[in-house]
Amino acid sequence: GQNIDQPTEMTATEGAIVQINCTYQTSGFNGLFWYQQHAGEAPTFLSYNVLDGLEEKGRFSSFLSRSKGYSYLLLKELQMKDSASYLCAVRDPLGNDYKLSFGAGTTVTVRA
Amino acid sequence: GAGVSQSPSNKVTEKGKDVELRCDPISGHTALYWYRQRLGQGLEFLIYFQGNSAPDKSGLPSDRFSAERTGESVSTLTIQRTQQEDSAVYLCASSGPWPAKNIQYFGAGTRLSVL
């Protein structure tokens with residue numbers, strides 16, 4: 001099984017930067033995903049990391065360190081619409097590459 | 001369709017009743033997944049369908065839960081004799097062939113409330 005930890009809540013000011021950390025403990029690893037979920041809506045794909053390093057995509061970046069079992073999602077130039085839950089998910093390493101194990105999500109509140 | 005569609009969006013039922021939840025995946029997506037999202041908890045894998053292969057039912061919490069899928073189209077998740085602990089949002093996702101097969105696309109979910 002997987003143990004995936006991320007903070008429950010974070011608050012930041014519009015225009016600022018927020019970093020959401022995710023740590024995982026697994027017997028193996030086959031990729032890490034970040035999803036954004038607005039209240040009452042579908043989770044939407046943000047990023048996928050399988051190799052170490054930083055992946056940048058506009059205002060959002062995702063980092064992975066496999067040796068540390070650690071990832072973060074960086075949100076820059078925060079906007080009010082970024083208020084949402086951010087889900088970290090690890091792909092099952094036991095051959096069933098389709099199965100994702102999710103953390104409980106981090107609720108980010110952006111204040112004016 | 002343009003995205004994954006789930007119905008109903010909300011379902012209120014009485015304890016002991018059966019419910020059926022429906023998922024329409026993205027056209028052309030061969031893989032379909034069901035997850036359960038309880039308040040304050042992460043998404044919990046329930047079942048996975050891939051084409052005509054036997055489904056992976058390893059995440060179903062009890063024999064009251066079952067799911068079907070016809071070919072690469074609609075899937076239904078059935079919960080029999082519902083219990084209050086079944087109250088949750090049930091999310092469906094689908095994924096397509098390589099190179100996009102890593103990415104699961106989710107529907108908005110069905111919010112189930114068991115009274």
Side-chain angles (χ1 to χ4, degrees), chain A residues 1-9 20-26 29-51 55 57 60 62 64 71 73 84-107, chain B residues 1-10 23-26 29-51 53-60 88-111 113:
Chain A
Q2 311 275 22
N3 187 24
I4 300 164
D5 291 315
Q6 48 182 134
T8 305
E9 294 181 339
I20 306 169
N21 296 324
C22 174
T23 58
Y24 60 91
Q25 294 175 315
T26 74
F29 177 81
N30 200 1
L32 186 143
F33 295 77
W34 284 96
Y35 281 84
Q36 180 191 59
Q37 186 179 25
H38 286 99
E41 297 183 13
T44 54
F45 170 78
L46 289 178
S47 67
Y48 169 60
N49 294 70
V50 65
L51 300 176
E55 296 273 347
K57 196 184 294 184
F60 293 2
S62 57
L64 175 67
S71 173
L73 180 68
S85 182
Y86 292 85
L87 312 177
C88 174
V90 173
R91 194 163 70 170
D92 192 312
L94 300 178
N96 296 330
D97 65 350
Y98 46 79
K99 201 180 297 184
L100 296 180
S101 296
F102 283 83
T106 300
T107 300
Chain B
V4 178
S5 176
Q6 292 187 245
S7 60
S9 55
N10 285 283
C23 173
D24 278 281
I26 293 171
H29 279 192
T30 57
L32 186 146
Y33 321 76
W34 283 98
Y35 293 87
R36 179 169 67 179
Q37 187 175 30
R38 287 176 161 152
L39 192 64
Q41 298 184 23
L43 275 69
E44 176 189 4
F45 169 81
L46 297 178
I47 189 169
Y48 160 75
F49 295 91
Q50 172 62 277
S53 302
D56 180 341
K57 305 179 181 179
S58 60
L60 294 178
V89 176
Y90 289 83
L91 290 162
C92 175
S94 68
S95 65
W98 184 267
K101 76 183 181 93
N102 288 324
I103 302 170
Q104 295 183 21
Y105 296 89
F106 285 84
T110 294
R111 182 175 298 277
S113 300

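In what follows, every chain begins at residue 1, and chains take the letters A, B, ... in the order their sequences are listed. Side chains are part of it too, since the values below use all heavy atoms of this structure and drop only hydrogens, waters and symmetry mates.
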Chemist: Given that the side chain runs from C-beta out, which part of B:Gln6 has a heavy atom under 4.5 Å from chain A: side chain, backbone, both or neither?
Modeler: neither
Chemist: Going by the rule side-chain hydrogen bond (donor to acceptor under 3.5 Å, both in side chains), which residues pair with B:Ser58 if we only count those two or more places apart in sequence or in a different chain?
Modeler: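 Result, side-chain hydrogen bond (donor to acceptor under 3.5 Å, both in side chains) vs B:Ser58: A:Lys99, B:Asp56.
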Chemist: Against chain A, label B:Leu43 side chain, backbone, both or neither, depending on which of its atoms sit under 4.5 Å from a heavy atom there.
Modeler: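 For B:Leu43, heavy atoms of backbone and side chain both lie under 4.5 Å from chain A.
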Chemist: Measure the OG-CD distance between A:Ser101 and B:Glu44 for me, rounded to the nearest 0.5 Å.
Modeler: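 That separation rounds to 10.5 Å.
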Chemist: Between CZ of B:Phe106 and OH of A:Tyr35, what distance do you get to the nearest 0.5 Å?
Modeler: 5.0 Å
Chemist: Taking all atoms of both residues into account, what is the closest heavy-atom pair of B:Gly40 and A:Ala104, and its distance?
Modeler: O-CB, 3.8 Å
Chemist: For B:Asn10, check side chain to side chain contact (heavy atoms under 4.5 Å, CB included) against everything at least two apart and list the hits.
Modeler: B:Arg111
Chemist: Say you draw a straight line from CZ of A:Phe102 to CD of B:Gln41; how long is it, rounded to the nearest 0.5 Å?
Modeler: 14.0 Å
Chemist: Tell me, side chain or backbone of A:Gln37 under 4.5 Å from chain B's heavy atoms, or both, or neither?
Modeler: side chain
Chemist: Would you mind telling me which of B:Gly107, B:Gly109, B:Ala31, B:Gly42 has the largest number of heavy-atom pairs within less than 4.5 Å of chain A?
Modeler: B:Gly42
Chemist: State the CD1-CZ distance between B:Ile103 and A:Phe33, to the nearest 0.5 angstrom.
Modeler: 7.0 Å
Chemist: Has the side chain of B:Tyr33 got a donor or acceptor atom that lies under 3.5 Å from a matching backbone atom of A:Leu100?
Modeler: no
